[in-house]
Amino acid sequence: MRILVTGGAGFIGSHLCDALLAAGHEVIALDNLITGSTDNIAHLAGNPRFRFIRHDVTEYIFIGGRVDFVMHLASPASPVDYMTYPIQTLKVGALGTHKALGLAREKGAGFLLASTSEVYGDPLVHPQPETYWGNVNPVGPRGVYDEAKRVAEAMVFAYMRYHGMKTRVARIFNTYGPRMRADDGRVVPTFINQALRGEPITVFGDGSQTRSFCYVSDTVAGLVRLMESDCPGPVNIGNPDEMTVLRFAEVISEIIGSRAGIVHRDLPMDDPKIRRPDITMARRELGWEPVVPLEKGLGRTIEYFREKICC
Ligand code: NAD
Ligand code: UDP
């Protein structure tokens, strides 16, 4: 297929480009580099089946020739990023999704939206199944991201119902791995880089809030399975292996051998207290589940950041 990946120079998007190319597809990556970097796709330069276009997806998208599938990942994704770019985040979720859907419709292409566990907000149901409608504060600091993704999901389903398009919605849970930015503020790169630099690890609140971490190759495999399936979703893509943030800080300290300890900082407003995907649907509909254990995924991610610090 000839596949357009919006957000293709980002963390997950660049790994998705790699996987699609390895499967024999032709890939066009579209990105305005607001939170991504061409470093993530530099290794693909010269590949005749890969092309990069620097473009803001909230503006009209023109792609010459055939497009068979649009994988729409463009959006700031870390809380620090989306609070730094609140208007851009709202615009890319609403206007960007509208433009990307319009292109897919024009080309007769399939469409996949990278949505998020944040549509569940600070959840009152645990673990979170796709049938849960969520607990989101629309006017809180995280509302710019949560509501942008919720409107994006609504738009995808409107295009599916009104225009009869073949669409998919993936609700991605916390994903980590090489090519995250060391300064994106997310817990995995932050803790690893603090430990590698011999600085104390900053745990927000008492650290009793939970997250479930999925290695990027597992997330990408889930997205590709969803693209290839007949399942419109939404489908949770994540790892159900849940732990507290405090325990995660201890694990990182132990693996890296840091002796700098842990310091506590204020818990950000509306920080979800619990998060774990119910992946029954992904197992049943996609035959997918994560296979990379945390220690292995963390080992690869730590190596990546160690090299970045050294060289
Ligand atoms: P990222 O910031 O590394 O990648 C996002 C990419 O989108 C960046 O390269 C950025 O420059 C690009 N982008 C943003 N706005 C754009 C615009 N208007 N036009 C063109 N490009 C634009 O983040 P990521 O972690 O790789 O996330 C990718 C997608 O997956 C996002 O849609 C995010 O919401 C979703 N997601 C990620 C996670 C996670 O844990 N990483 C969890 C849930 C959902
Ligand atoms: N967190 C933390 N210290 C940090 C960064 C994050 O304790 O330096 C916590 C944060 O409060 C949240 C969890 O780690 O409870 C995951 O945060 P992240 O920004 O990675 O993403 P989220 O899952 O909140 O979208």
Side-chain angles (χ1 to χ4, degrees), residues 5-16 29-41 53-59 61 71-83 85 88-97 99-100 112-119 122 142 145-146 148-149 152 170-177 179-181 184-194 200-214 216 219-220 223 236-239 243-246 248-249 262-275 277:
V5 179
T6 78
F11 159 51
I12 300 180
S14 63
H15 286 281
L16 179 63
L30 207 73
D31 204 299
N32 68 350
L33 304 178
I34 188 172
T35 57
S37 166
T38 50
D39 290 351
N40 293 333
I41 48 171
I53 302 172
R54 185 167 185 172
H55 181 74
D56 182 335
V57 295
T58 67
E59 306 286 343
I61 307 169
M71 304 287 271
H72 181 44
L73 279 76
S75 171
S78 95
V80 166
D81 285 347
Y82 60 72
M83 289 182 216
Y85 302 111
Q88 290 94 327
T89 302
L90 282 160
K91 280 180 71 179
V92 75
L95 306 179
T97 303
K99 294 284 183 291
L112 183 146
L113 169 71
S115 186
T116 168
S117 53
E118 280 282 324
V119 300
D122 190 3
R142 299 174 84 104
Y145 181 65
D146 304 12
K149 291 290 185 179
R171 288 186 179 151
I172 303 172
F173 283 63
N174 294 68
T175 296
Y176 71 98
R179 302 186 196 156
M180 297 184 94
R181 289 198 337 270
D184 83 1
R186 288 186 271 198
V187 67
V188 177
T190 305
F191 284 8
I192 290 177
N193 281 282
Q194 287 168 337
I201 292 182
T202 53
V203 168
F204 296 163
D206 63 5
S208 61
Q209 69 273 30
T210 67
R211 293 295 185 273
S212 312
F213 299 105
C214 191
V216 64
T219 296
V220 164
L223 296 178
N236 290 339
I237 299 289
N239 193 320
M243 68 167 69
T244 66
V245 166
L246 183 61
F248 186 62
I262 288 168
V263 290
H264 290 268
R265 299 275 180 263
D266 288 346
L267 189 67
M269 185 178 167
D270 295 339
D271 197 287
K273 286 181 262 318
I274 41 174
R275 183 182 288 157

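One-based numbering, in listed order, for ligands and for the atoms of each.
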Student: How close do Leu90 and Ala148 get, heavy atom to heavy atom, and via which atoms?
Tutor: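 Taking every non-hydrogen atom into account, CA-CB, 4.0 Å.
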Student: Should Leu246 and Asp206 be marked as a side-chain contact (heavy atoms from CB on, under 4.5 Å) after you check the CA-CA gap, both sets of side-chain angles, and the distance that decides it?
Tutor: CA-CA 7 Å; Leu246 183 61; Asp206 63 5; over 6 Å; no
Student: Who's the nearest protein heavy-atom neighbour of atom 40 (O) of ligand 1, and how far?
Tutor: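 Scanning the protein heavy atoms, the shortest distance from atom 40 (O) of ligand 1 goes to Thr175 N, 2.8 Å.
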Student: Search all heavy atoms of Ala114 against all heavy atoms of Leu73 and return the closest pair with its distance.
Tutor: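 So the two residues come closest at CB-CG, 3.7 Å.
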Student: May I ask you to check whether Asp31 has an N/O atom sitting below 3.5 Å from an N/O atom of ligand 1?
Tutor: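 The answer is yes, given that Asp31 and ligand 1 share an N or O pair closer than 3.5 Å.
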Student: Around atom 27 (O) of ligand 1, find the nearest protein heavy atom and jot down its residue, atom name and distance.
Tutor: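 I find the closest protein heavy atom is Ala77 CB, 3.5 Å.
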Student: When only distance counts, is Gly36 in polar contact with ligand 1, meaning an N/O pair under 3.5 Å?
Tutor: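 Yes, there is a polar N/O contact under 3.5 Å.
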Student: Any idea which heavy atoms bring Thr202 and Gln194 closest together, and the distance?
Tutor: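 Heavy atoms of Thr202 and Gln194 come nearest at OG1-NE2, 2.9 Å.
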Student: Purely on distance, is any nitrogen or oxygen of Pro76 under 3.5 Å from one on ligand 1?
Tutor: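 No: no nitrogen or oxygen of Pro76 is under 3.5 Å from one in ligand 1.
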Student: On a heavy-atom basis, I'd like to know which of Phe213, Phe173, Tyr145 is closest to atom 36 (N) of ligand 1.
Tutor: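 It is Tyr145 that holds the nearest heavy atom.
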Student: Please determine whether any non-hydrogen atom of Leu73 lies less than 4.0 Å from an atom of ligand 1.
Tutor: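 Judged by the 4.0 Å heavy-atom criterion, Leu73 does count as contacting ligand 1.
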Student: Take the angle between the ring planes of Tyr176 and Phe213 and call it parallel below 30°, perpendicular above 60°, tilted in between.
Tutor: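 Perpendicular: the ring planes of Tyr176 and Phe213 meet at over 60°.
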Student: Is there side-chain contact between Gln209 and Pro272, with heavy atoms separated by less than 4.5 Å?
Tutor: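 Gln209 vs Pro272: side chains apart.
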Student: Any atom of ligand 1 sitting under 4.0 Å from a heavy atom of Lys149?
Tutor: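 It does; at least one heavy atom falls under 4.0 Å.
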Student: Does at least one non-hydrogen atom of His55 fall below 4.0 angstrom from an atom of ligand 1?
Tutor: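 The answer is yes: ligand 1 sits under 4.0 Å from a heavy atom of His55.
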Student: Backbone, side chain, both or neither: what part of Asn174 comes under 4.0 angstrom of ligand 1, heavy atoms only?
Tutor: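 Within the 4.0 Å criterion, Asn174 contacts ligand 1 through backbone atoms alone.
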Student: Where is the nearest protein heavy atom to atom 19 (N) of ligand 1: which residue, which atom, and how far?
Tutor: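 Residue, atom and distance for the closest contact: Val57 N, 2.9 Å.
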Student: Side chain, backbone, both or neither: which part of Arg186 has a heavy atom under 4.0 Å from ligand 1?
Tutor: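 Within the 4.0 Å criterion, Arg186 contacts ligand 1 through side-chain atoms alone.
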Student: Would Arg211 and Val187 count as a side-chain contact (heavy atoms from CB on, under 4.5 Å) here? Give the steps.
Tutor: CA-CA 10 Å; Arg211 293 295 185 273; Val187 67; 5.5 Å; no
Student: As an exercise, identify every atom of ligand 1 less than 4.0 angstrom from a heavy atom of Ala114.
Tutor: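 Heavy-atom distances to Ala114 below 4.0 Å select 30 (O), 32 (O).
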Student: Could you measure the distance from the CG atom of Leu113 to the CD1 atom of Ile172? Nearest 0.5 Å is fine.
Tutor: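 Taking CG in Leu113 and CD1 in Ile172, the distance rounds to 8.5 Å.
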Student: Is any N or O atom of Ile12, backbone or side chain, closer than 3.5 Å to an N or O atom of ligand 1?
Tutor: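 Between Ile12 and ligand 1 (N or O atoms, distance only) the closest approach is under 3.5 Å.
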Student: Could you check which of Ala170, Cys214, Ser115, Ser14 puts a non-hydrogen atom nearest to atom 44 (C) of ligand 1?
Tutor: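 Among Ala170, Cys214, Ser115, Ser14, the closest heavy atom to atom 44 (C) of ligand 1 belongs to Ser115.
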Student: Got the closest protein heavy atom to atom 16 (C) of ligand 1, with its distance?
Tutor: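 So the nearest neighbour among protein heavy atoms is Asn32 OD1, 3.2 Å.
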Student: Just distances here: any N/O of Thr116 and N/O of ligand 1 closer than 3.5 Å?
Tutor: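 Such a contact does not occur with ligand 1.
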Student: Indicate yes or no: at least one non-hydrogen side-chain atom of Pro277 is less than 4.5 angstrom from one of Ser212.
Tutor: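 A side-chain contact under 4.5 Å exists here.
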Student: What residues form a ring-ring contact (aromatic ring centres under 6.0 Å, His included) with Tyr85, not counting sequence neighbours?
Tutor: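 Not a single residue meets the ring-ring contact (aromatic ring centres under 6.0 Å, His included) criterion with Tyr85.
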Student: Grab the two heavy atoms, one from Arg142 and one from Asp270, that are nearest each other, plus how far apart they are.
Tutor: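 So the minimum-distance heavy-atom pair works out to CD-O, 3.5 Å.
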Student: Could you check atom 18 (N) of ligand 1 against the protein and tell me its nearest heavy-atom contact, residue, atom and distance included?
Tutor: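 That would be Asp56 OD1, 2.9 Å.
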Student: Taking atom 10 (C) of ligand 1 as the point of reference, which of Ile237, Thr97, Thr35 owns the nearest heavy atom?
Tutor: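 Among Ile237, Thr97, Thr35, the closest heavy atom to atom 10 (C) of ligand 1 belongs to Thr35.
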Student: Can you find an N/O atom of Ile172 closer than 3.5 Å to an N/O atom of ligand 1?
Tutor: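 No; the residue has no nitrogen or oxygen that sits under 3.5 Å from a nitrogen or oxygen of the ligand.
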Student: With rounding to the nearest 0.5 angstrom, report the CZ to CG distance, Arg181 to Asp39.
Tutor: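 If I round to the nearest 0.5 Å, the distance is 12.0 Å.
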Student: Answer yes or no for Ala9: is there a heavy-atom contact with ligand 1 below 4.0 Å?
Tutor: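 Yes, Ala9 has heavy atoms under 4.0 Å from ligand 1.
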Student: Please confirm whether Gly10 comes within less than 3.5 Å of ligand 1 when only nitrogen or oxygen atoms on both sides are compared.
Tutor: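 Gly10 vs ligand 1: N/O contact under 3.5 Å present.
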Student: Distance to 0.1 Å, residue and atom name: give those for the protein heavy atom nearest to atom 15 (N) of ligand 1.
Tutor: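 The closest heavy atom on the protein side is Ile34 CG2, 3.6 Å.
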Student: At their closest point, which heavy atom of Ser78 faces which heavy atom of Asp184, and how far apart are they?
Tutor: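 Heavy atoms only, the tightest pair is OG-O, 2.6 Å.
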Student: Can you produce the list of protein nitrogen or oxygen atoms under 3.5 Å from a nitrogen or oxygen of ligand 2, alongside each distance?
Tutor:
from	atom 1	to	atom 2	distance (Å)
ligand 2	3 (N)	Thr202	O	2.6
ligand 2	7 (O)	Phe204	N	2.7
ligand 2	8 (O)	Thr202	O	3.2
ligand 2	8 (O)	Thr202	OG1	3.0
ligand 2	11 (O)	Asp271	OD2	2.6
ligand 2	15 (O)	Gln209	NE2	3.1
ligand 2	15 (O)	Arg211	NH2	3.3
ligand 2	15 (O)	Asp271	OD1	2.6
ligand 2	15 (O)	Asp271	OD2	3.4
ligand 2	20 (O)	Val187	N	2.8
ligand 2	23 (O)	Asn174	ND2	2.9
ligand 2	23 (O)	Arg211	NE	2.6
ligand 2	23 (O)	Arg275	NH1	2.7
ligand 2	24 (O)	Arg142	NH2	2.9
ligand 2	24 (O)	Arg211	NH2	3.1
ligand 2	25 (O)	Arg142	NH2	3.0

Student: List in chain and number order the residues that pass side chain to side chain donor-acceptor pair (under 3.5 Å) with Ser37, two or more places apart in sequence or in another chain; answer none if no residue qualifies.
Tutor: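 Here no residue qualifies.
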Student: Could you check if a side-chain atom of Thr6 sits within less than 4.5 angstrom of a side-chain atom of His55, using non-hydrogen atoms only?
Tutor: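 A side-chain contact under 4.5 Å is absent here.
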Student: Identify, with sequence neighbours excluded, every residue that meets side chain to side chain donor-acceptor pair (under 3.5 Å) alongside Asn236.
Tutor: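 Checked Asn236 against side chain to side chain donor-acceptor pair (under 3.5 Å); matches are Tyr120.
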Student: Considering only non-hydrogen protein atoms, determine which one is nearest to atom 3 (O) of ligand 1 and report residue, atom name and distance to 0.1 Å.
Tutor: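 Here the closest protein heavy atom is Phe11 N, 2.8 Å.
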Student: Do any nitrogen or oxygen atoms of Ser117 come within less than 3.5 Å of a nitrogen or oxygen of ligand 1?
Tutor: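 Not met; the criterion fails.
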Student: What about Asp81: any of its N or O atoms under 3.5 Å from an N or O on ligand 1?
Tutor: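 Such a contact does not occur with ligand 1.
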Student: Tell me, which protein residue and heavy-atom name are nearest atom 5 (C) of ligand 1, and how many Å apart are they?
Tutor: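 The answer is Ser75 O, 3.2 Å.
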Student: Compute the shortest N/O to N/O distance between Val92 and ligand 1 and return yes if it is under 3.5 Å, no if not.
Tutor: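 N/O-N/O distance under 3.5 Å: no.
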